[in-house]
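Here is the naming used below: chain letters follow the sequence lines, and residue numbers restart at 1 for every chain.
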There are 2 protein chains.
Amino acid sequence: MTVYGGGGDPKRSLELLWGIQEDRPRRGPKPRFTLDDVVASALAIADAEGLAAVSMRRVASDLGVTAMSLYGYVPGKAELIDLLVDRVVGEVDISAELPDGWRARLEHVARQNWNLSLRHPWLLQVSSSRPVLGPNMIAKYDYELRAVAGLGLTSVEMDLVVTLITDYTHGAARNAVEAAQAGQQTGRTDLEWWEEYAPLLDKVFDPGKYPTAAEVGGEVGAEYQAASDPSRAFEFGLRRVLDGIGALIEGKRG
Amino acid sequence: MTVYGGGGDPKRSLELLWGIQEDRPRRGPKPRFTLDDVVASALAIADAEGLAAVSMRRVASDLGVTAMSLYGYVPGKAELIDLLVDRVVGEVDISAELPDGWRARLEHVARQNWNLSLRHPWLLQVSSSRPVLGPNMIAKYDYELRAVAGLGLTSVEMDLVVTLITDYTHGAARNAVEAAQAGQQTGRTDLEWWEEYAPLLDKVFDPGKYPTAAEVGGEVGAEYQAASDPSRAFEFGLRRVLDGIGALIEGKRG
DNA sequence: TGAAAACTCCCTACGCCGTAGAGTATTGTC
DNA sequence: GACAATACTCTACGGCGTAGGGAGTTTTCA
């Protein structure tokens, strides 16, 4: 359950991210691994067991080495997490041609971010104190900006639109991941959980006091057979957000 | 930097949240504090020094007591965090009359959530595996649903709209808090940070490869004198989201 | 060629963390 | 006054990030 936010020394992180090290050959014994090996090991753990399982000792032992030897590759855990983030951000396929039309393009961007978060749920728990300005992050930012290029928006507006899409997607994905993890953690399906705690909640929850919540909660629960349907919520919200952006773009044209 | 997600035993959390304990008077010595005292102590630490500083030992020592004695009040740290969350959620003023008009109402809801997150930044780092169904959380949910009542939306739609607003606000607040914390953590203003790392980034970043990011990033940086302006981004996005919701509502009417 | 420097990795240790288990003092009930 | 229940303390375990120093390996330079 322990979780780390990025935010090591930004200068050092930048250097590591962009691979400003070189000057091999150096004097001592050759390193047993590359920096990439270390990050890959951490990634495997994060994906399989969550960010909490990513400890220096664990990453090291998976590599067959002691914890302290990692400090030859990375100044500390925070920087390792920064590298981890940029690495999975690199998974987003930014070589693909963007679809035609701003709406399809933004939808594509949103879905890419959504999928990325579901594939690496721990990503949502990394709250970097500064954005990790790694090569993949910048490439992705460029890709996303291109989705709203040529629409008559100012640079600032382009940035704001992309931020809106990614912010919203992030929030929606967070709900989805929480719901999914809750199910697998407790070993119960949503339905089972609902059935177990509904009576307890009933005892304590006064429908007369909160009639709106009671009615909506009841109908929503009945419809989803769960407390929520994050995937549907994402689709719904995305449509509204795109509608809102559409109003902006058309306003610009008129 | 260490952070905890909620998600203790949901049953026990529910009981604590709703105060199903009573059956005092009991036999032994009287407890030195109330459960509220413990939560208040944890809250003070979280607000002042962040969630990472909230350890059982620390909370206890602030109360003048050993760590283990907290386990008489709370089954574990996870449940304490659950209580912490519901407590600050209770700060939202839900007795206030909602403004007239769905748009003003939803805007009000969004701003309340925004302010709550900025007042208690650690809230954004608590990723409960299940929603904390405390009394305050439910009261807030009810309050927020009332903002979209009577508009001809189905229950499910009402829930989706509220989820959209809170999801978006959560994501936007997250950026704001990160930016604010980055400034105070490193003791640098945004401008200073920008000036320090721009040259380093310049050396590594190829504008020819990412012309869109280069141009937009440059103009955005010049306009904000910083990498971003989260507050402005929030306002911008909120307007779009409300526009999108407006389209839905008007579509329902037509 | 041999010494020195540079480097990787290991071992040990410190001060944190959440919390289990057992002990001690205090309080209420019979 | 005896007994049981309770609140709290102490000690300890196994984890964490990482500082410091030592050992062995490889390259460089005299």
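The side chain of B:Tyr71 contributes no N or O atom lying less than 4.0 Å from OP1 or OP2 of D:dC8. In this structure, A:Ser69 does not reach the C:dT8 phosphate: none of its side-chain N or O atoms is under 4.0 Å from OP1 or OP2.
Between the OH atom of A:Tyr73 and the P atom of D:dT18 there is a distance of 17 Å, rounded to whole Å. Atom-to-atom, CZ of A:Phe33 to C1' of C:dC7 comes out at 15 Å; the value is rounded to the nearest Å. Counting to the nearest Å, the C1' atom of D:dT9 and the CZ atom of B:Arg32 are 10 Å from each other. Rounded to an integer number of Å, the gap from CG of B:Leu63 to C1' of D:dC8 is 13 Å. Remark: C1' of C:dT8 and CG of A:Asp37 are 15 Å apart, rounded to the nearest angstrom. A straight line from CZ of B:Arg27 to C1' of D:dA5 spans 6 Å, rounded to a whole angstrom. Distance, B:Lys30 NZ to D:dA5 C1': 13 Å, rounded to whole Å.
In this structure, A:Arg57 and A:Thr66 both approach DNA chain C, and ranking their closest nucleotides by distance from the 5' end singles out A:Thr66. A residue-by-residue look at A:Arg58 and A:Met68 shows that A:Arg58 has its nearest nucleotide of DNA chain D further toward the 5' end. Residues A:Ala67 and B:Met56 each lie close to DNA chain C; by heavy-atom proximity, the contact nearer the 5' end of the strand is made by A:Ala67.
Checking D:dT18, C:dC11, D:dC8 against every side-chain atom of A:Lys77, the shortest atom distance belongs to D:dT18.
Side-chain atoms of A:Asn113 and A:His170 form no donor-acceptor pair, as typed in the model, at a separation below 3.5 Å. Residues B:Asp93 and B:Ser95 have side chains that bring a donor and an acceptor to within less than 3.5 angstrom of each other.
Counting heavy atoms from C-beta outward, A:Leu17 and A:Leu133 have side chains that stay 4.5 Å or more apart. Looking at heavy atoms from C-beta onward, A:Tyr73 lies out of side-chain contact with A:Leu80 at the 4.5 angstrom threshold.
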